[in-house]
Asks: 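Just dropping this structure here.
For ligands, and for the atoms within them, numbers begin at 1 and follow the listed sequence.
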Amino acid sequence: MIQSRMCIRYGTGAWQWLAVGVVKVPESMILKSQSGAVRTLVLNRPAALNSFNGEMHSLLRAELESAAADAGVRCVLLTGAGRAFCAGQDLADPLVCPDTSQPKDLGVAIERYYAPLVRRLRSMPVPVVVAVNGVAAGAGANLAFCGDLVLAARSASFIQAFGKIGLVPDSGGTWLLPRLVGRARALGLALLGDKLPADEAERMGLIWRSVDDAELLPLAQALAERLAGMPTKALVATRRAMDEAQHLDLTHALTAEAKLQRELGFAHDYQEGVAAFGARRAPVFTDR
Ligand code: T3D
């Protein structure tokens, strides 16, 4: 918040500054902070439950690119401001809102924003921890599921809201949901669009852990710090291998594992990990 001022002069006297009001400087829709090697990004449109408009997409995309390019970042932590994690697409945004003069081509929003965002999250060169602080609906839910480790506050919930407004799950939902919980549950979630509490999401295997609300951010931070101290390159290769193995048979998965193990075996972190084990000291991993 800044005080706005105006310069005035009474008669022929000296010019004086006069306070004329308070101007609220809008906060960025994405807040960024860094603690050690953990980069935290916060979705910050709380009045609209952190739903996505074009500006928030662009800012998040830029921050993810920046984190990916920064050698000082070894883990990204993503969460939301206020009472929601993210309510998906901002349905009032003129890009998608059908309540205007012409029908909207929703494929544009998917191709321009959501698909690149999902690909960016799933290919980050560092692990991604998602702390779901409140409701995650539509694309907001599926973006959360793109994280490598997803924690949720016990009061949070997940809603595949798409069917309720005549759409299919996007942001990777059709790919992620059956892989995470199987076809029967994926269809149940997508067709009914019911609110799924965080505890139930954990039981189903949709997320890593549901935790007490007050513990969410401290635990997510601790988890992110722990991952940041681990061999980043190997963690990211593990994610990629598991994703790629979804469409491989066992023989090809074994071949892919051998290729990755060969690459990692020549890297610094493997030498360091084994040396540290032998010397009974803490390893210092640096590959990224
Ligand atoms: O369209 C395309 O481009 C294709 C891409 C689609 C991707 C998608 O994500 S489609 C799915 C879009 N999201 C939804 O359908 C969810 C809509 N929101 C809700 O169902 C509910 O808001 C929640 C279940 C998430 C939370 O309910 P509740 O009762 O806690 O809050 P509320 O009162 O409904 O919402 C609070 C405010 O946030 C309210 O504004 P107001 O009245 O206080 O000024 C509400 O309008 C606003 N809000 C919530 N979700 C959205 C939103 N504004 C714009 N877009 C939203 N998605």
Side-chain angles (χ1 to χ4, degrees), residues 24 26-27 29-30 41-61 64 78-122 130-147 150 152-178 180 186-201 206-207 210 213 216:
K24 190 159 188 215
E27 266 191 315
M29 291 179 196
I30 299 294
L41 301 177
V42 182
L43 307 176
N44 186 38
R45 288 188 78 214
L49 302 191
N50 302 324
S51 55
F52 273 94
N53 61 11
E55 184 179 347
M56 194 167 96
H57 266 294
S58 301
L59 290 169
L60 179 59
R61 184 62 201 258
L64 289 171
L78 180 65
T79 190
R83 71 178 178 91
F85 173 70
C86 173
Q89 170 62 38
D90 181 340
L91 296 171
D93 190 320
L95 182 67
V96 300
C97 183
D99 189 23
T100 48
S101 51
Q102 333 146 289
K104 297 292 157 65
D105 177 355
L106 298 188
V108 171
I110 303 297
E111 286 163 0
R112 185 181 300 165
Y113 295 125
Y114 290 98
L117 178 55
V118 168
R119 281 195 289 266
R120 177 67 286 184
L121 282 168
R122 294 292 284 205
V130 178
V132 181
N133 51 300
V135 65
N142 293 337
L143 291 171
F145 300 143
C146 286
V150 184
R154 195 146 282 129
S155 67
S157 55
F158 298 89
I159 308 174
Q160 292 296 314
F162 307 90
K164 292 180 179 174
I165 55 170
L167 299 178
V168 297
D170 62 26
S171 306
T174 58
W175 188 89
L176 281 164
L177 293 173
L180 289 169
L187 277 174
L189 292 171
L191 299 188
L192 300 174
D194 288 340
K195 192 178 264 203
L196 183 76
D199 277 348
E200 189 60 20
L206 264 174
I207 62 168
S210 163
D213 288 19
L216 177 70

Asks: Between Q160 and D194, do the side chains contain a donor N or O and an acceptor N or O under 3.5 Å apart?
Replies: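 Looking only at side-chain atoms, Q160 and D194 do not form any donor-acceptor pair under 3.5 Å.
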
Asks: Is the backbone of S210 close enough, under 3.5 Å, to the side chain of R154 for a donor and an acceptor to pair up by distance?
Replies: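 Yes, the answer is positive, given that a donor and an acceptor are paired below the 3.5 Å cut-off.
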
Asks: Drop me the distance from L189's CG to K195's NZ, to the nearest 0.5 angstrom.
Replies: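 That separation rounds to 14.5 Å.
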
Asks: Could you check ligand 1 for N or O atoms lying under 3.5 Å from protein N or O atoms and list the pairs with distances?
Replies:
unit_1, atom_1, unit_2, atom_2, d
ligand 1, 9 (O), Q89, N, 2.9
ligand 1, 9 (O), A139, N, 2.9
ligand 1, 13 (N), A87, O, 2.9
ligand 1, 30 (O), R83, NH1, 2.8
ligand 1, 30 (O), R83, NH2, 3.3
ligand 1, 31 (O), R83, NH2, 3.0
ligand 1, 55 (N), L91, N, 2.9
ligand 1, 57 (N), A87, O, 3.1
ligand 1, 57 (N), Q89, O, 2.8

Asks: Please report, to 0.1 Å, the donor-acceptor pairs under 3.5 Å made by any side chain of residues 166-177, with sequence neighbours excluded.
Replies:
none

Asks: Let me see the working for L196 and S157 under side chain to side chain contact (heavy atoms under 4.5 Å, CB included), right down to the final yes or no.
Replies: CA-CA 5 Å; L196 183 76; S157 55; 5.9 Å; no

Asks: Classify the ring geometry of H57 against Y113: parallel below 30°, tilted from 30° to 60°, perpendicular beyond 60°.
Replies: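 The rings of H57 and Y113 lie parallel, inter-plane angle below 30°.
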
